[in-house]
Amino acid sequence: MVMPRLNPGLARLPPPLMAAASNAGQRAQQAYAATQIARRVALAREACPQEYESGKPRFIRFLGEAQVLLEPVRRPRRKLAIAPTANPQVVMLLPGFGAHPMRMRYLARQMEAAGHTAKRWGLGFNWGPTQQNFDAVEERLLQLHARHGRKVVLVGWSLGGLYAREIAKRQPHAVAKVVSMGSPFSGSPRANNVWRAYQFITGHSVDAPPVAAELRVKPPVETVALWSANDGVIAPRCAAGRPGERDRAVALRCTHMGFTYDPQVVTTLLAELETTRG
């Protein structure tokens, strides 16, 4: 059976309808371009010179972060020897980007087992900095300081460590020590594997946050940076920092997600709390 040929000329719309369709398409594109989702997509697709991402973990390291899926199996078999502390501290734990405080509950339990007081940051998921949540965390710090009558140790994972450093600059009288874990306070804010996702979710550029901050500047309190060469998310050099940007940098061998449960991290944090004076 021979199919009849269509005449292309017959399929064309009349010029007035073609013009109307074109105008409608242009208006739809303009309306989309003005939406929040379009702006966030543009931020996620932002052009970035290669040197700005220099040092970020290789993709194979990023895949290694999947080890966190085995943690529910490994944890019941893990036996940690937690010695009672002779120097109890009040600790506020600040979660990483996109994480809930429950992600740091395992660390909190180990601290509590040693005799320390572990507290949440007072907010839920960490979806990026805003002036409102920065003020809320600062107020939470002051409340803990007043309630317990002593300075508080701030322990921040990833983005939470940046919060901890900046809040310690605002309220140094209330902070005994800052411990950051895999926090990119040094170097390029794009030397990591998540900056595009961060910009899409938060709606702002990594180097133009809605809160005034000088990430490289060390807080006027003892500041310790935990970092790992096995980090699959953050460039190790950015998390270790340079002399003058922190007091000490401690190298570990955990993944980025492992900062919330790895035995090395637990042991290191307990040792830092034991030497804290405030």
Side-chain angles (χ1 to χ4, degrees), residues 56-126 152-161 163-164 177-184 192-194 197 224-236 238-240 248-276:
K56 75 176 185 179
R58 292 176 298 167
F59 186 65
I60 191 67
R61 290 282 191 204
F62 186 66
L63 291 179
E65 295 295 328
Q67 293 180 45
V68 68
L69 300 177
L70 299 176
E71 178 58 12
V73 177
R74 293 172 173 171
R75 187 168 296 178
R77 304 175 183 178
R78 185 179 298 140
K79 303 298 181 183
L80 295 179
I82 306 295
T85 181
N87 185 31
Q89 300 292 328
V90 177
V91 184
M92 184 163 75
L93 298 168
L94 296 90
F97 179 63
H100 190 272
M102 285 301 294
R103 174 63 65 181
M104 303 186 79
R105 183 57 187 151
Y106 178 75
L107 283 182
R109 286 175 178 164
Q110 309 317 306
M111 294 177 187
E112 291 166 346
H116 302 290
T117 300
K119 296 293 185 179
R120 297 185 182 188
W121 74 328
L123 299 174
F125 284 95
N126 185 352
V152 179
V153 178
L154 299 180
V155 175
W157 170 42
S158 198
L159 179 61
Y163 275 81
K177 178 185 285 187
V178 171
V179 180
S180 62
M181 305 188 301
S183 302
N192 58 74
N193 286 315
V194 293
V224 181
L226 308 189
W227 66 280
S228 172
N230 292 339
D231 196 319
V233 177
I234 303 298
C238 294
R248 287 181 290 113
V250 180
L252 303 176
R253 302 294 294 182
C254 64
T255 63
H256 191 73
M257 297 300 293
F259 278 112
T260 64
Y261 61 79
D262 194 284
Q264 297 176 72
V265 179
V266 174
T267 300
T268 302
L269 282 178
L270 291 178
E272 287 296 336
L273 296 178
E274 208 63 30
T275 62
T276 299

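Keep in mind the model is a prediction, meaning the values are calculated, not measured.
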Open item on the list: Is any side-chain heavy atom of R105 closer than 4.5 Å to one of H100?
Closed with: no
Task: Heavy-atom donor-acceptor pair, Q110 side chain to I82 backbone, under 3.5 Å - done: no
Open item on the list: Given 3.5 Å as the limit, does a donor-acceptor pair link the side chain of S158 with the main chain of F97, or not?
Closed with: no
- [ ] Indicate the atoms forming the closest heavy-atom contact of A240 with A225, along with that distance.
- [x] O-CB, 3.9 Å
Task: Straight-line distance of M104 CE to R120 CZ, nearest 0.5 Å - done: 11.5 Å
TODO: Report the distance from atom CZ of R103 to atom CZ of F259, rounding to the nearest 0.5 Å.
DONE: 14.5 Å
- [ ] Could you tell me whether the side chain of D231 reaches within less than 4.5 Å of the side chain of E65, counting heavy atoms only?
- [x] yes
Open item on the list: For the CG atom on L69, are there more than 12 heavy atoms of other groups (residues, nucleotides or ligands in this structure) within a distance under 6.0 Å?
Closed with: yes
Open item on the list: Within the structure provided, determine whether Y163 and L154 are in side-chain contact (heavy-atom separation under 4.5 Å).
Closed with: no
Task: Spatial distance of atom OH (Y106) from atom CZ (R75) [nearest 0.5 Å] - done: 6.0 Å
Task: L273 and V179, any side-chain heavy atoms less than 4.5 Å apart - done: no
Task: Nearest non-hydrogen partners of S183 and G161, listed with the distance - done: OG-CA, 3.2 Å
Open item on the list: Tell me if a side-chain donor or acceptor on T267 pairs with a main-chain N or O of Q264 at a distance below 3.5 Å.
Closed with: no
Open item on the list: Rounded at 0.5 Å granularity, tell me how far CD in Q67 sits from SG in C254.
Closed with: 10.0 Å
TODO: Taking the side chain as every heavy atom from C-beta outward, state whether L93 and M111 have any pair of such atoms under 4.5 Å apart.
DONE: yes
- [ ] Measure across Y261 and V266 and return the closest heavy-atom pair with its distance rounded to 0.1 Å.
- [x] O-CG2, 4.4 Å
- [ ] Indicate yes or no: at least one non-hydrogen side-chain atom of R78 is less than 4.5 angstrom from one of E71.
- [x] yes
Open item on the list: Using 30° and 60° as the class boundaries, would you call the ring planes of W157 and H256 parallel, tilted or perpendicular?
Closed with: tilted
Open item on the list: A side-chain contact here means heavy atoms from C-beta on lying under 4.5 Å apart; do V153 and H116 qualify?
Closed with: no
Open item on the list: For a quick test of reading the model, state the closest non-hydrogen atom pair linking P88 to G115 and the distance between them.
Closed with: CB-O, 3.6 Å
- [ ] Kindly give the heavy-atom pair with the smallest separation between P236 and A229, and that separation in Å.
- [x] CG-CA, 4.0 Å
Open item on the list: Is it the case that the side chain of Q89 and the backbone of E274 share a donor-acceptor pair, with hydrogens and angles ignored and the cut-off at 3.5 Å?
Closed with: no
Open item on the list: Is it the case that the side chain of N193 and the backbone of G232 share a donor-acceptor pair, with hydrogens and angles ignored and the cut-off at 3.5 Å?
Closed with: yes
Open item on the list: Once rounded to the nearest 0.5 Å, what's the spacing between atom CG of L269 and atom CG of L107?
Closed with: 6.0 Å
Task: Side chain proximity check, D262 to L252, heavy atoms < 4.5 angstrom - done: no
- [ ] Look only at the side chain of N192 and the backbone of I234, and say whether a donor-acceptor pair between them is shorter than 3.5 Å.
- [x] no
Task: Nearest non-hydrogen partners of P101 and G124, listed with the distance - done: CD-O, 3.3 Å
